[in-house]
There are 2 protein chains.
Amino acid sequence: MVQKETRLRGRPRSFDPDEVLDKARAVFWNLGYAATSLDDLATATGLNRPSLYAAFGDKHALYMAALDRSRTEATTALGAALATEAPLRAVLQTIFDRTVDIYRRGEEGQRGCFLVGTAVTQAVDDPQARALLAAFISETDGLFRARFERDAASLAPGVTPAGAAPMASGTFHTLAVRARTGASEADLKAIAHAAVTMICAA
Amino acid sequence: MVQKETRLRGRPRSFDPDEVLDKARAVFWNLGYAATSLDDLATATGLNRPSLYAAFGDKHALYMAALDRSRTEATTALGAALATEAPLRAVLQTIFDRTVDIYRRGEEGQRGCFLVGTAVTQAVDDPQARALLAAFISETDGLFRARFERDAASLAPGVTPAGAAPMASGTFHTLAVRARTGASEADLKAIAHAAVTMICAA
DNA sequence: TGATATTCATACCGTTTCGCACAAAATAGC
DNA sequence: GCTATTTTGTGCGAAACGGTATGAATATCA
């Protein structure tokens, strides 16, 4: 275990918290929070419970850390993609096509989007998950809206940036729901194409 | 307990399975399948476990019965609404506005759509829930598509029935996700309006 | 080298979970 | 009135649950 910094005394950690968080997220991604047990997480991460608790706190904190990671990754990637200097139609088509590819991943079946796929069910009874998902949706809306405002001439007639932004985010949502439900690549790509067609001018 | 039909001998049931199913659905709707315990269900329905088992089989069967009820109710209502003889724009606006009102209901917070709100999380690991949700989405797509084909002249330029149908279903999905996450009536109604604007000709 | 601090491994805890067993209650049939 | 059948009410069992306690292992510090 190579430490890049002076470390405090004591036995060194045998794992990288970032890797462990990714592995835990993969289990939560398939099963959702409530159906994922500590045994599931211990098995997937190769860690015993006390190690998981020491690193993350408890099951809920681990789940929230995983949600937050997905949120950060998704908004960072979307921001970069929307900053691309290219025609809006092409930018959107690329974003949605890549999204389809990501949402169709999964060893146990297509798992869609971690946030929509699991935090939606949590939302009624778990205020932290609800707030994080709401923030994610709001950020997504905002990123789309800003790009649409910069490129308003590229929107279809009668379509405003304020109206188009949640529809673009909504395309993520329906792709996520459908992908997790087993929809084919062709069907999802057709929906992506339809969304671009309806948002952008011909 | 008034029986409308000749009944077999034995002690009569003290409950109406339809009412019990509704009460159970309300709990599942808030918590999702995995986080709902048999104690939760027994408390909500006022029945003991053996009675629940005798009537529905087991927890999963009860959940599936509740999902199927929501699916039937939703597709029946959508079919009727889409059969309305009125301009497409008005029909769609009414459907989405009513949907917003339904998705904003809930005593513990807005609970959105039972199918999207809970079956999506189940989908990876529960083939029955996944199949039911997939069927629901397919039926919704089909109903929209049929109406759009009958009214193709009312779609926005360049928008086809095949393209518009999943976008309309997708509007349900994003409304469901957002409602369950706490979005305001005004925001949801604005999204409904934007969807209609993008699907229908001016 | 011994003291101190941190992490890992093992075992354990109290509680909850789902589903079942069985006797009592309530009806219909003869 | 007795028998057969279905439902209810109570209790139960085995397993699973999230989390904790404790000693051993592994490092740094003095």
Side-chain angles (χ1 to χ4, degrees), chain A residues 1-21 23-25 27-28 30-67 118 121-122 125-126 128-129, chain B residues 1-21 23-24 27-28 30-66 118 121-122 125-126 128-129:
Chain A
M1 183 72 177
V2 180
Q3 288 293 316
K4 300 181 180 176
E5 304 171 356
T6 305
R7 60 173 304 277
L8 297 177
R9 39 181 159 168
R11 182 169 168 173
R13 270 203 171 135
S14 63
F15 62 90
D16 172 9
D18 276 346
E19 287 181 10
V20 166
L21 183 58
K23 289 176 181 174
R25 180 172 64 170
V27 186
F28 282 128
N30 284 340
L31 302 179
Y33 175 77
T36 299
S37 68
L38 264 296
D39 277 352
D40 295 331
L41 293 168
T43 300
T45 57
L47 296 187
N48 292 306
R49 290 131 173 275
S51 302
L52 282 173
Y53 285 114
F56 296 103
D58 62 10
K59 181 186 174 187
H60 189 256
L62 179 58
Y63 176 68
M64 293 304 302
L67 277 188
T118 66
T121 295
Q122 288 293 106
D125 204 44
D126 179 347
Q128 283 184 278
Chain B
M1 185 69 183
V2 180
Q3 290 291 314
K4 300 182 182 177
E5 305 174 354
T6 306
R7 59 175 306 278
L8 296 178
R9 35 180 164 171
R11 182 171 167 171
R13 270 202 174 133
S14 62
F15 62 90
D16 172 10
D18 276 344
E19 289 181 8
V20 166
L21 183 57
K23 289 178 180 173
V27 185
F28 282 129
N30 284 337
L31 302 178
Y33 174 76
T36 299
S37 69
L38 264 295
D39 276 354
D40 295 331
L41 294 168
T43 300
T45 57
L47 297 185
N48 290 305
R49 292 131 174 276
S51 301
L52 283 173
Y53 287 121
F56 298 102
D58 62 10
K59 180 186 173 187
H60 189 254
L62 179 57
Y63 176 67
M64 292 306 302
T118 66
T121 295
Q122 288 293 106
D125 204 44
D126 180 345
Q128 284 183 277

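Per chain, numbering begins at 1; letters A, B, ... match sequence-line order. What's counted below: heavy atoms across the whole structure, side chains too, no hydrogens, waters or symmetry copies.
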Side chain of [X]: nearest nucleotide among [options]?
X: A:S14; options: C:dA3, C:dC8, C:dC18; value: C:dC8
X: A:R13; options: D:dT8, C:dT7, D:dG19; value: C:dT7
X: A:R9; options: D:dT26, C:dC20, C:dA5; value: C:dA5

Once side chain to side chain contact (heavy atoms under 4.5 Å, CB included) is applied, do any residues pair with [X], and if so which ones, sequence neighbours excluded?
X: A:A55; answer: A:R13, A:F15
X: B:E19; answer: B:D16
X: B:A34; answer: A:A34, A:A35

Quick one: salt bridge (Lys or Arg N to Asp or Glu O under 4.0 Å) partners of B:D125, sequence neighbours excluded? none

Can you pull out every ring pair (Phe, Tyr, Trp, His ring centres under 6.0 Å) where at least one residue sits in residues 42-61 of chain B? Sequence neighbours excluded, please. B:Y33-B:H60

Once side chain to side chain donor-acceptor pair (under 3.5 Å) is applied, what residue pairs with a partner in residues 37-52 of chain B remain, sequence neighbours excluded? B:S37-B:D40, B:D39-B:R49

For the helix from C:dT1-D:dA30 to C:dC30-D:dG1, what is the angle between the axes at its two ends, each from 5 pairs, rounded to 10°? 0°

Rounded to whole Å, how long is the line connecting atom [atom1] of [X] with atom [atom2] of [N]?
X: A:R11; N: D:dT28; atom1: CZ; atom2: P; answer: 14 Å
X: A:Y53; N: D:dG19; atom1: OH; atom2: C1'; answer: 4 Å
X: A:H60; N: D:dC17; atom1: NE2; atom2: C1'; answer: 17 Å
X: B:F15; N: C:dA26; atom1: CZ; atom2: C1'; answer: 15 Å
X: A:L62; N: D:dG18; atom1: CG; atom2: P; answer: 11 Å
X: B:K59; N: C:dC20; atom1: NZ; atom2: P; answer: 14 Å

Donor on one side chain, acceptor on other, B:T36 and B:Y63, under 3.5 Å: no

Heavy-atom closest pair (A:Q122 atom, A:A129 atom, distance to 0.1 Å) is CB-CB, 3.8 Å

Determine the minimum heavy-atom distance between B:L47 and B:A42, stating which atoms define it. O-CB, 3.1 Å

Nucleic acid contacts - residues 33-52 of chain B versus DNA chain D, non-hydrogen atoms under 4.0 Å: B:N48, B:P50, B:S51

